[in-house]
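Residue indices begin at 1 and follow the sequence shown. Just so you know, these numbers use all the heavy atoms, side chains as well, and skip hydrogens, waters and symmetry mates.
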Amino acid sequence: QLQLAESGGGLVQAGDPLRLSCAASGMSFSVMTIAWFRQDAGKEREFVSSITWGTPTTYYADSVKGRFTISRDNAKNTVYLQMNDLEPDDTAVYYCAATPFGILPQNMQLETSYRYWGQGTRVTVSS
């Protein structure tokens, strides 16, 4: 069973950067697609970014494109989400998710594409 643990959340001001980490344990991590989702109070969980395995391909939601960067370090079993120029609308609990199965590009943003989920880390951006 794969276990995912997010860290790095906190309270920052608009315009600040923040880096989230998702550490995996329990299973081989290097052949999994990993994604970040986020959910704010009263809103549905939404896709943020994902990264495939092998020669990684990355995907981003339009709302974060150009500001967020996803990367992975398979030796450390960790995926990172570098968030720059944060905005109050980025306030949410951020979750990482993983799957060992292939995902069509058009399905990267679907929660149902991912089998394993972490508990989340909260990011609050003040204006």
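Judged by distance alone, the side chain of T91 and the main-chain N or O of V125 form a donor-acceptor pair under 3.5 Å. Checking side-chain atoms of S49 against main-chain N and O of Y59 turns up a donor-acceptor pair under 3.5 Å. Side chain of R72 to main chain of T33: no donor-acceptor pair is present (N/O by atom type, distance under 3.5 Å, no hydrogens or angles). Within the 3.5 Å criterion, the main-chain N or O of N107 finds a donor-acceptor partner in the side chain of S113.
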Stepwise side chain to side chain contact (heavy atoms under 4.5 Å, CB included) check, K76 with S21
CA-CA 11 Å; K76 295 183 178 180; S21 298; over 6 Å; no
Given Y95 and L20, is the side chain to side chain contact (heavy atoms under 4.5 Å, CB included) satisfied, shown in steps?
CA-CA 10 Å; Y95 300 90; L20 304 183; over 6 Å; no
Run the numbers on R38 and V64 for side chain to side chain contact (heavy atoms under 4.5 Å, CB included), then give the verdict.
CA-CA 12 Å; R38 66 186 182 186; V64 307; 4.0 Å; yes
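Side-chain heavy atoms closer than 4.5 Å link hydrophobic residues (I, L, V, M, F, W, Y) into clusters, and following such links, even through other members, never connects V48 to Y80. I103 and V79 sit in two unconnected hydrophobic clusters of ILVMFWY residues. Membership requires side-chain heavy atoms under 4.5 Å apart, directly or through other members.
The two residues G9 and V123 have their closest heavy-atom pair at CA-CG2, 4.1 Å. Annotation for P56 and I51: closest pair CB-CG1, 3.6 Å, computed over non-hydrogen atoms. The two atoms that bring P100 and M32 nearest to each other are CA-CG, 4.0 Å, heavy atoms only. Contact detail for P17 and L86: the closest heavy-atom pair is C-CD1, 4.1 Å. Contact between F47 and A35 at its shortest, heavy atoms only, is CE1-CB, 4.4 Å. A pairwise comparison of heavy atoms in P88 and S127 identifies CG-CB, 3.8 Å as the closest pair.
For W117, the CH2 atom is densely surrounded, since the number of other residues' heavy atoms within 6.0 Å is greater than 12. Environment of CD in Q13: sparse, with no more than 12 heavy atoms of neighbouring residues, nucleotides or ligands closer than 6.0 Å. More than 12 heavy-atom neighbours from other residues, nucleotides or ligands sit within 6.0 angstrom of CZ on R122. Remark: Q119 CD is loosely packed, at most 12 non-hydrogen atoms of other residues, nucleotides or ligands lying under 6.0 Å away. More than 12 heavy atoms of other residues, nucleotides or ligands lie within 6.0 Å of CD in Q106, so this atom counts as buried by the packing criterion.
Annotation: side chain of M83 is not in contact with side chain of D90 (no heavy-atom distance under 4.5 Å). Side-chain contact check for V93 versus E6: every heavy-atom pair is 4.5 Å or farther apart. Using a 4.5 Å heavy-atom threshold, the side chains of M108 and T52 count as touching. Contact of the W53 side chain with the N74 side chain is not registered, since no non-hydrogen atoms from C-beta on lie closer than 4.5 Å.
At least one test fails for R67 against the ring of Y60: distance under 6.0 Å to the centre or angle within 45° of the axis.
Between S30 atom OG and D73 atom CG the span is 11.5 Å, to the nearest 0.5 Å. For the atom pair I34 CD1 and I70 CD1, the distance stands at 8.0 Å (nearest 0.5 Å). One distance of note links SG of C22 with CZ of F29; it measures 6.0 Å at 0.5 Å rounding.
Under the 30°/60° scheme for interplanar angles, the aromatic rings of F37 and Y114 are found to stand perpendicular.
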